[in-house]
Structures are given as C-alpha cells and as structure tokens.
Amino acid sequence: MEEYQESCSCCSTHQTQQQGLHSTCRSLQQHQHQQQGLHKPKKIDHSIENGDKITFKYQIINNETLEVIESTTDDLPITITIGKNQLRFEELENEIKQMKELNQKIEIYSNDKKYKFIIELISINNNNENGSIDEWELTDEERYHSSFNKKEEGNLYFAENKYIPASRCYRIGIKQLRKINKLKWDLNESKTRELLITLFNNLLTCEMKLKRYKNVIRFSTECIENIGINVKTYYKRGEAYMMNGEYKEAINDFNKAIDLLLNIKDKVEDANLVCKVISGSSKISSVNNNSIEYYDKMLKLIQNTLQKCKKLNSEYEETCKRMYKNLF
C-alpha cells in the first residue's frame, strides 16, 4: 500500500460522504503514554497547505479480526507533499489538512467499518522550507537511483523476514520509476524496465509471503499489462488465484506460463533468452548460469503446480455438484 492516511478536526465527527469515509479523532493523553515513548501533542502554528511536506506513521487494522494488516516502523515513516496527489486515496488530503497538532494520533474508519487507520503526525515542513528537492523535481537518472536504493533497502528487510516494510520499499521504487516517461524505459540498455520488473517480482514474492493474494493478483496484472509478460509473473498470479480458490483463472495462468517456456524449448542454451522469458530480465544471475537446468526446474515446477490446481478444481466441482444435488 502506498500511503493510507486520513484525519479530521480534533474532538469532532467529520462527515465525508463524498469521500466514502467516516472519520473520528481522539487526542493523546500524554501522561498515560510517556512510557511508550510518545510525546506531548504540540500545536501546529500554521494550517497545513499545498506544498507542505507531511511525515507520519500509520497502522491499518482489520476491525473484524483485529489483525494489523500493515504498519510503519519507527525508522520508516511516510512522507508526502500535500497537493501532489501522492496518496492512494487522493481525497484524504482534505482530512490531513484538518490536523492541528504534532504527535497527535487519530483513528479513521472505512465507510463499511471493516478497516481502521491509526495515523500519528510526526512533522511538517512548510512549503518545502528546508530547501530539499521535491521528489517530483527529480531527474530521470535521480529517480532511477532512488528506486534502486529502495530495492536494496527492501532486500535488507526481506532478508530479515520483515515483509511489510520490504513490500512498501518495492512499491515506492515502482512508483518512482513509473514517473519516467514510458518511451524511455528501453533506453540506456533497458535498465529502467529491468529494474521495474525486478521490483515487481520482489513485490509479488513479499505479498505471497504475507498471504495477500488479492494484492498479488492486482500487482501481477499491472505488471503484465504495463511492463510485459514473463513466466514468473504468470506463475505467481496463478498461485495467488489458486490460493484464493479461483482455480480456473489459476489454470489459465499456469498454461500461459508453460506456453512461454515451450516457445523457447529449442533455445534453452541461450541464457539471456531463458532469463528474459522466465523473469522478464535478461541479466544472468549466479543461480541462473546453467540455463538448461534453470529452464527444466521452472517448467517442472509449473507443471506440478498445474496438476495440483486441476485436482483442487475437480474436487471443488464435485463438492458443488453434491451440494446442488442435496438441495434438489
């Protein structure tokens, strides 16, 4: 998730029917939370306006299961620029503008009450007063290096099994690269497209680890439609469909992945081609040096998963038939 934020004027119910949200705000009682490292709320000396940089931490909680779906860590807060439409829910900026205190925690609920968002405002830089370069003013080369650094940061989190911050790093990297004109993706030895595909593959792996199968389906589809097709993306989307009980869609994706592999069965000694078809990247990593072995393993993996999925689909259809027969 890129950024989820909303806020409301303190100690009041803020109706946002046009935004499809209902938000409520509660101030922190600082004397009850000092032991938790929270600070006394501090009044903001000016209203939040377009151009201000806002830094905050957040949690997303499933109200039914009380599961924390996503959360920032203390060393990885969110920073956005008001007026730049950097939020997934763009209309929420109006809510953020109503916040009156730093170190203030607020709770926002989705309209269906299914999700709760807890936001803590950390800092505000008025109209980029610190003189730093706005991310929207970066050059294409600076965007590329920024995305590359996010990929490396995400890899460090992934190595520590911290999949939520890793996922967020990969998504920030993707977001930066997609600000580069698509016509330039294949310039400079296709490094922009190569990095995009790597970020997407890493992101899909994270989302599978987190069992967020709908996210895997959504990000896979985005990659296929906008970046290009490859075996891994079809396979991972197929896996997500299968885990989500959408067996026919999964079977379709596994077959597409197999077809891509069979199309190059006479060229498996071409390591660059094999890597390009399987991962979308022509770069040969150390584990892929033996292209024939890499090809065979991937083909066998997908074929085995396809058979498993077909079996699950058959069992599901038989169950449906029995239920239908018992009803009538």
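Interatomic distance, T192 OG1 to F148 CZ, rounded to the nearest 0.5 Å: 13.0 Å. To the nearest 0.5 Å, atoms OG1 (T198) and CG (N202) are separated by 6.5 Å. Rounded to the nearest 0.5 angstrom, L261 CG and I278 CD1 are separated by 5.5 Å. One finds the CZ atom of R212 at 8.0 Å from the CZ atom of F219 (value rounded to the nearest 0.5 Å). Separating the SG atom in C169 from the CZ atom in F158 is a distance of 13.0 Å, to the nearest 0.5 Å. Note that OG1 of T221 and CZ of R237 are 4.0 Å apart. Values are rounded to the nearest 0.5 Å.
The hydrophobic clustering, which links ILVMFWY residues whose side-chain heavy atoms are closer than 4.5 Å, places Y241 and I224 apart. In terms of hydrophobic clustering, with Ile, Leu, Val, Met, Phe, Trp and Tyr side chains grouped at heavy-atom distances under 4.5 Å, Y247 and L301 are assigned to a common cluster. When hydrophobic clusters are built by joining Ile, Leu, Val, Met, Phe, Trp and Tyr residues whose side-chain heavy atoms come closer than 4.5 Å, directly or via intermediates, I164 is not grouped with L156. With hydrophobic clusters built from ILVMFWY side chains whose heavy atoms lie under 4.5 angstrom apart, I264 shares a cluster with I302. L306 and L262 fall within a single hydrophobic cluster, where Ile, Leu, Val, Met, Phe, Trp and Tyr side chains are chained together by heavy-atom contacts under 4.5 Å.
Salt-bridge annotation for K297 and E293: present, with a side-chain N of the basic residue lying under 4.0 Å from a carboxylate O of the acidic one. Here K191 does not pair with E194 in a salt bridge; the nearest charged N to carboxylate O distance is not below 4.0 Å. Here R178 pairs with E222 in a salt bridge; the nearest charged N to carboxylate O distance falls below 4.0 Å.
For the pair D270/S291, no side-chain contact is recorded, criterion being any heavy-atom separation below 4.5 Å from C-beta on. Residues T233 and F200 form no side-chain contact, since every pair of their non-hydrogen atoms from C-beta on lies 4.5 Å or further apart. The closest side-chain heavy-atom distance from E315 to L312 is below 4.5 Å.
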Practice prompt. Dump the intermediate steps for side chain to side chain donor-acceptor pair (under 3.5 Å) on Y170 and N155, then the final yes or no.
Written response: CA-CA 9 Å; Y170 298 140; N155 290 348; 2.6 Å; yes
Practice prompt. Applying side-chain contact (heavy atoms from CB on, under 4.5 Å), run through S220 and Y234 and close with a yes or a no.
Written response: CA-CA 7 Å; S220 298; Y234 275 129; over 6 Å; no
Fill in: Pair E239-T305, side chain to side chain donor-acceptor pair (under 3.5 Å): steps then yes or no
CA-CA 8 Å; E239 272 194 307; T305 309; 5.8 Å; no
Practice prompt. Mind running side chain to side chain donor-acceptor pair (under 3.5 Å) on N149 and S146 for me, showing each step along the way?
Written response: CA-CA 5 Å; N149 291 336; S146 174; over 6 Å; no
Discussion item. For E249 and N244: C-alpha separation, side-chain torsions, deciding distance, then whether side-chain contact (heavy atoms from CB on, under 4.5 Å) applies.
Written reply: CA-CA 10 Å; E249 290 83 355; N244 213 37; over 6 Å; no
Item to complete: Using the side-chain contact (heavy atoms from CB on, under 4.5 Å) rule, take K175 and I172 through it: C-alpha gap first, then chi angles, then the decisive distance, then the call.
Response: CA-CA 5 Å; K175 184 177 179 180; I172 291 174; 5.6 Å; no
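In this structure, K265 is not positioned above the aromatic face of Y295 in the sense of NZ or CZ being under 6.0 Å from the six-membered ring centre and within 45° of the axis.
Nearest heavy atoms, I197 versus S279: CG2-O, 3.0 Å. Among all heavy-atom pairs drawn from V216 and K236, the shortest one is CG1-O, 3.6 Å. Annotation for C309 and I251: closest pair SG-CG1, 3.7 Å, computed over non-hydrogen atoms. The heavy-atom pair separating V274 from V268 by the smallest distance is CG2-O, 3.5 Å. In terms of heavy-atom proximity, A257 sits nearest to V231 at O-CG2, 3.8 Å. Contact detail for L203 and S167: the closest heavy-atom pair is CD1-OG, 3.2 Å.
T319 pairs in a side-chain contact (heavy atoms from CB on, under 4.5 Å) with only one of the listed residues (K321, E317, R322), which is R322.
No close placement of the Y163 and Y157 rings is indicated, their centers lying 6.0 Å or farther apart. Taking the six-membered ring for Trp and the full ring otherwise, the centers of Y235 and F254 sit less than 6.0 Å from each other.
The main-chain N or O of I180 is never found under 3.5 Å from a side-chain atom of R143 such that the two would form a donor-acceptor pair. A donor-acceptor distance shorter than 3.5 angstrom exists from the side chain of N263 to the backbone of D259, with no hydrogens or angles considered.
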